Amino acid sequence: MRIVDGTNNVTRHGTEADARKAVDAAVTSFGKLTRPSKMKGEALAAWKRYIEPAAWLDGSREPAAIAFCELWAEFRLNTTGFPASKHGQMRAYMSELGLTDERNRGDTGTEEPDEFFG
């Protein structure tokens with residue numbers, strides 16, 4: 001995650017190549033992140049929109065990914081009745097999964113500029 005969020009410090013954490021080797025070892029030991037076969041509806045849409053493109057996630061993050069998708073489905077079902085505590089949980093899962101960092105969004109720069117914010 002240090003490489004993804006840009007906080008990798010060579011003197012503390014080693015080189016990027018070492019970090020990538022550690023990630024590959026984690027993927028090997030934890031396995032790939034797999035979607036539960038019973039996931040449906042908005043939870044499935046959240047998985048496809050947010051989790052599948054996140055190539056840095058491995059099997060160790062599966063519980064957090066599932067919980068996030070289920071919370072997302074609940075949020076979409078009743079946005080006005082969604083409690084603040086669950087909103088906080090959802091944000092925490094997004095942060096833990098590395099989904100809140102704008103550097104992970106894959107913006108290509110080809111989007112039209114915003115009328116007000118350029």
Side-chain angles (χ1 to χ4, degrees):
M1 285 301 293
R2 288 185 199 105
I3 292 171
V4 172
D5 65 16
T7 59
N8 191 50
N9 183 333
V10 176
T11 58
R12 272 191 231 147
H13 309 119
T15 65
E16 186 174 329
D18 292 339
R20 291 192 186 278
K21 286 178 190 173
V23 168
D24 290 340
V27 169
T28 302
S29 63
F30 287 109
K32 293 187 83 170
L33 183 65
T34 56
R35 177 177 52 87
S37 60
K38 296 184 188 234
M39 191 173 277
K40 295 180 178 146
E42 288 292 334
L44 177 61
W47 186 279
K48 288 180 178 180
R49 183 174 181 187
Y50 299 108
I51 305 301
E52 281 183 5
W56 60 88
L57 296 175
D58 62 24
S60 68
R61 301 287 186 204
E62 187 173 320
I66 293 168
F68 164 72
C69 291
E70 294 299 331
L71 277 171
W72 180 261
E74 190 175 333
F75 170 72
R76 297 289 292 169
L77 182 65
N78 184 11
T79 56
T80 57
F82 196 69
S85 61
K86 287 188 177 185
H87 188 76
Q89 283 181 318
M90 189 166 62
R91 289 186 55 166
Y93 283 128
M94 290 176 74
S95 180
E96 182 180 334
L97 295 168
L99 302 177
T100 57
D101 191 340
E102 62 189 41
R103 291 172 287 187
N104 298 338
R105 293 188 188 145
D107 295 340
T108 61
T110 58
E111 296 81 14
E112 292 185 31
D114 186 273
E115 177 181 357
F116 298 104
F117 299 106

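Fair warning: this is a prediction, and the values are worked out from it, not measured in the lab.
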Show me the donor-acceptor pairs within less than 3.5 Å that the side chains of residues 43-51 make with the rest of the protein, sequence neighbours left out.
none

Quick one: CH2 on Trp72 to CZ on Phe82, what's the gap to the nearest 0.5 Å? 9.5 Å
Do Phe68 and Leu99 make a side-chain contact, defined as non-hydrogen atoms from C-beta onward lying under 4.5 Å apart? yes
Scanning both residues in full, the closest heavy-atom pair of Pro36 with Ile66 reads CG-CD1, 3.5 Å
Could you grab the distance from atom CG of Leu33 to atom CZ of Arg61, nearest 0.5 Å is fine? 10.5 Å
To the nearest 0.5 angstrom, please state how far the CE atom of Met90 sits from the CE atom of Met94. 7.0 Å
State the CD-CZ distance between Glu52 and Arg35, to the nearest 0.5 angstrom. 6.5 Å
The test is side-chain contact (heavy atoms from CB on, under 4.5 Å); show your working for Lys32 and Asp58 and say whether it passes. CA-CA 5 Å; Lys32 293 187 83 170; Asp58 62 24; over 6 Å; no
Inter-residue atom distance Glu96.CD - Gln89.CD, 0.5 Å rounding: 11.5 Å
How are the rings of His87 and Phe75 set to each other: parallel, tilted or perpendicular (split at 30° and 60°)? tilted
So how far is it from Leu71 CG to Arg91 CZ, rounded to the nearest 0.5 Å? 13.5 Å
